[in-house]
Every structure is written in C-alpha cells, then in structure tokens.
> 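Have a look at the structure that comes next, please.
Each chain gets a letter, A, B and so on, in the order the sequences are listed, and its residues count up from 1. These numbers come from the heavy atoms of this one structure, side chains and all, not from hydrogens, waters or symmetry mates.
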Amino acid sequence: MPELPEVETTVRDLRRSLPGKTIIGVSFTDWPNMLQTHPPDVLGQLLAGEQVLEVNRRAKYVLIMLSNDKHLVFHRKMTGNLFVRQSEAEADKYTHFVMPFNDNTELRFADLRKFGRIYLFLARDELDQYLSKLGPEPLLDEFTEEVFTSQLKGRKGALKPLLLNQNLLVGLGNIYVNEALWVSQLHPQRQADTLTAEERHELYLAIRQVLTTAVENRGTTLSDYLDGEGQKGRNQELLKVHERENQPCYRCDTPIVKINVGQRGTYFCPVCQPVPEGVIMNYPVSRNRKNNHPNP
DNA sequence: CCACGATCCTGCTAGC
DNA sequence: TGCTAGCAGGATCGTG
C-alpha cells in the first residue's frame with residue numbers, strides 16, 4: 001500500500017515528466033466514485049487547456065499544481081498507481097482514469113481495489129482547507145522531537161493506531177509503523193503517554209530512519225505498488241518484521257508474531273518488543289530467555 | 001479522547 | 001480439482 005516513501009517516489013517520477021505539459025481533458029473514466037469533486041464531463045472541461053506547473057506531495061496525497069490556481073489531487077489508498085505513458089502504449093491493467101496531454105502522452109490512474117480518489121480544487125485556499133487537519137511531515141524540519149513529544153502527551157491509546165493517525169503525523173501506514181516499532185523496540189500496544197524520554201527519542205529516530213531508507217530504495221512493493229514508470233521498489237528486501245510471521249527476528253532469532261491491533265495486521269518480536277504491563281497476549285512470552293518460541 | 005465496527009473493493013488463498 | 005468464504009487495508013464515519 002502506498003505510504004510516504006511510495007508516494008514520494010511517484011511524485012519524484014512525475015516531477016521529471018509532467019511540468020510543462022498541457023492537458024487535453026479526460027479521455028477515460030469508468031468509476032464515478034473515484035471522482036470526489038466533479039462529474040466526469042465537468043472535470044474534463046475544467047482540466048482542458050491547463051498546464052502542469054509543479055508536482056508535490058503532502059502526506060500520502062499527490063498534488064498536481066496547474067495553471068489558473070487549479071490543483072489536481074490523487075490519493076492512492078491501497079492499490080492505486082499513477083503512470084505516465086505514451087498514448088499508444090499498451091493499456092495498464094485496472095486503469096480507471098486517463099488524462100491525455102498535448103504531446104501524445106497521458107497520465108493513467110490504475111487501481112485494482114478502486115479505493116483511490118481524485119479531487120480538483122479550483123483555488124489554493126480550497127486545497128489548503130481540505131488538507132488542514134493533517135499533522136507534520138516526518139521528514140521535514142517541522143517534525144521536531146518537541147512536536148512529537150507534545151503530540152504523544154496525554155494520549156492514552158495504543159502506540160500503533162496513534163502512529164497511523166494522519167492528524168498526529170503524516171505518511172506512516174501499516175508497513176512502516178510495524179518497522180519503526182521494531183527498530184525502536186517498542187510494543188505496538190504500549191500506551192503512548194507511558195514512553196520514557198529515551199524511548200520516545202528512539203521512536204522518533206526510528207520513524208525518520210525507516211522512512212528515509214524506504215525513500216532511498218524507491219518504496220516497498222509487496223503486491224501492487226509500482227512507481228511512475230511501472231517499476232517495483234526495492235525496500236521489501238529490507239523489511240524487518242512486516243509480513244515475516246514465524247520467521248526469526250533479525251536481532252534475537254525469536255519467531256516474529258502477528259496479532260491484530262486496531263483491526264490491522266501487526267508484526268513484532270515478542271522478546272525485543274516486550275509486552276506492556278496489563279496487556280494480555282495469547283502467546284507465551286519470556287523476557288529473560290532468548291529461545292522462547294510462541295505456539296505456531 | 002478512545003475503542004470498535006462498518007464501509008468501500010477485488011484478487012488471492014486457506015479450507016473444505 | 002473446484003468452489004467459496006474470508007482476508008487484506010487507508011481513511012472516514014457512526015456509536016458507545
């Protein structure tokens with residue numbers, strides 16, 4: 001599923017090819033639910049003749065800045081992919097939206113699950129309003145340790161669902177939360193405001209490190225994610241816990257455990273990420289012995 | 001504030 | 001072998 005590194009990779013790809021192109025209109029759209037702001041014909045009319053100025057990212061949104069202060073926005077949710085193709089190139093599977101340019105290329109939005117969404121805002125203010133509740137960008141200077149500390153303060157909920165909340169901090173999804181918690185050796189069900197300063201520091205560093213590494217590796221492709229040219233990422237080879245159930249922990253060899261937290265598949269090492277007081281787990285855990293294997 | 005469940009979707013797969 | 005129920009999950013919304 002596209003999280004910050006996957007969206008960032010796509011944005012960098014699109015940024016190399018889209019600016020300067022002029023939109024002809026919308027040549028194909030077969031899934032009305034995808035279009036959040038305008039019906040297909042109106043959207044096509046509003047886009048026709050506009051030029052692409054910039055491509056940017058905010059959280060997991062792809063922002064395409066157009067002439068006349070128009071802003072075309074994509075959210076890929078779980079399985080959405082954006083490709084720039086020559087118009088005559090073979091169709092991409094699961095394509096539900098095509099926007100041709102005046103140079104015989106086109107932007108295609110392909111999405112197996114059809115959860116992806118497209119928005120057109122007619123002024124910067126409308127875009128800013130729409131994005132106004134989002135938290136800080138973890139890879140920018142605005143995400144300081146002080147900001148992170150204040151966000152966690154007084155939070156009684158479990159760490160993992162909190163880190164997935166885009167109002168607190170943007171860009172993390174299931175994969176990178178699992179990874180960051182393993183790196184910082186914190187249990188996903190730790191109550192957020194019980195972290196020591198040292199633990200919070202480690203988590204803060206882990207979030208930035210995990211995301212930075214994934215960006216450098218052009219994202220994680222587990223099943224559906226492809227970059228702007230249709231290529232897979234490389235970060236899946238570096239995952240420490242995500243989708244590694246029953247495989248040995250890279251730190252202590254204990255088999256990785258999978259549980260559900262906040263209705264999300266959650267992977268962690270039961271030894272490196274000790275269960276907090278008061279949380280009852282249905283697998284045996286020893287905090288002292290290394291070779292403690294949970295039931296299969 | 002927090003937990004939980006439902007919703008939106010379809011390809012895949014575990015289990016019969 | 002063939003079928004099917006259930007799972008996967010980002011964000012939002014409703015309920016308690």
> Quick one: does A/Thr22's side chain get under 4.5 Å of A/Asp103's, heavy atoms only?
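A side-chain contact under 4.5 Å is absent here.
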> Are the ring of A/Phe115 and the six-membered base ring of B/dC9 within the stacking cut-offs of under 5.5 Å and under 30°?
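A/Phe115 vs B/dC9: stacking no.
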> Could you pull out all residues at least two apart from A/Glu216 that satisfy salt bridge (Lys or Arg N to Asp or Glu O under 4.0 Å)?
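With sequence neighbours excluded, A/Glu216 shows a salt bridge (Lys or Arg N to Asp or Glu O under 4.0 Å) to no residue whatsoever.
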> If you count every heavy atom of other residues, nucleotides or ligands that lies below 6.0 Å from A/Glu88 atom CD, does the total exceed 12?
yes
> Heavy atoms under 4.0 Å, any strand shown: does A/Asn33 hit a base, just sugar-phosphate, or nothing?
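Sugar-phosphate contact only - A/Asn33 comes under 4.0 Å of backbone atoms but never of a base.
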> What is the nucleic acid contact for A/Arg76, judged by heavy atoms within less than 4.0 Å: base, sugar-phosphate only, or nothing?
nothing
> Can you run down the ring-ring contact (aromatic ring centres under 6.0 Å, His included) pairs that involve residues 210-265 of chain A, sequence neighbours left out, and say none if there aren't any?
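Only A/His242-A/Tyr267 qualify under ring-ring contact (aromatic ring centres under 6.0 Å, His included).
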> Measure CG/A/Leu4 against P/C/dG10 and give the value in whole Å, please.
14 Å
> Which residue pairs pass the ring-ring contact (aromatic ring centres under 6.0 Å, His included) test when at least one of the two sits in residues 24-73 of chain A, sequence neighbours left out?
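For residues 24-73 of chain A, and leaving out neighbouring residues, the ring-ring contact (aromatic ring centres under 6.0 Å, His included) pairs sorted by first residue read A/Tyr61-A/His75, A/Tyr61-A/Tyr130.
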> Given 3.5 Å as the limit, does a donor-acceptor pair link the side chain of A/Asp224 with the main chain of A/Met78, or not?
no
> Considering residues at least two apart in sequence or located in another chain, which fulfil the side-chain contact (heavy atoms from CB on, under 4.5 Å) criterion with A/Gln185?
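Listed in chain order: A/Arg251, A/Cys272.
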> Anything under 3.5 Å between a protein N or O and an N or O of nucleotides 3-5 of chain B, put it in a table, one pair a line.
unit_1	atom_1	unit_2	atom_2	d
B/dG5	N7	A/Gln263	NE2	3.0

> What residues, two or more places apart in sequence or in another chain, satisfy side-chain hydrogen bond (donor to acceptor under 3.5 Å, both in side chains) together with A/Glu245?
none
> DNA chain C in dot-bracket, Watson-Crick or G-U pairs under 3.5 Å, [ ] crossing, | other strand?
.|||||||||||||||
> With the side chain of A/Leu162 defined as its heavy atoms from C-beta on, choose the nearest nucleotide among B/dG11, B/dT10, B/dC2.
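So the side chain of A/Leu162 is nearest to B/dC2.
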> Establish, yes or no, whether a centroid distance under 6.0 Å links the rings of A/His187 and A/Phe268.
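Yes.
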> Is the shortest side-chain N/O distance from A/Lys60 to OP1 or OP2 of C/dA11 below 4.0 Å?
yes
> Can you list everything that forms a side-chain hydrogen bond (donor to acceptor under 3.5 Å, both in side chains) with A/Arg117? Sequence neighbours excluded, please.
none
> C/dG10 phosphate, OP1 or OP2: any side-chain N/O from A/His75 under 4.0 angstrom?
no
> Do the side-chain N or O atoms of A/Trp31 get closer than 4.0 angstrom to the phosphate oxygens (OP1, OP2) of B/dC9?
yes
> What are the residues of residues 77-85 of chain A, sorted by number, that bring a heavy atom to within less than 4.0 Å of DNA chain C?
A/Lys77, A/Met78
> List the residues meeting side-chain contact (heavy atoms from CB on, under 4.5 Å) with A/Pro161, not counting sequence neighbours, and say none if there are none.
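Partners of A/Pro161 under the side-chain contact (heavy atoms from CB on, under 4.5 Å) test: A/Ala158, A/Val261.
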> Protein-nucleotides 5-8 of chain C N/O pairs closer than 3.5 Å?
unit_1	atom_1	unit_2	atom_2	d
C/dA8	OP1	A/Lys258	NZ	3.0
C/dA8	N3	A/Arg113	NH2	2.2

> What's the CD-P distance between A/Glu3 and C/dG9, to the nearest Å?
10 Å
> Step through it carefully: locate the ring centre of A/Tyr119, locate the ring centre of A/Phe74, and say whether they are under 6.0 Å apart.
no
> Among residues two or more places apart or on two chains, list those pairs meeting ring-ring contact (aromatic ring centres under 6.0 Å, His included) that have a residue in residues 153-181 of chain A.
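Found none.
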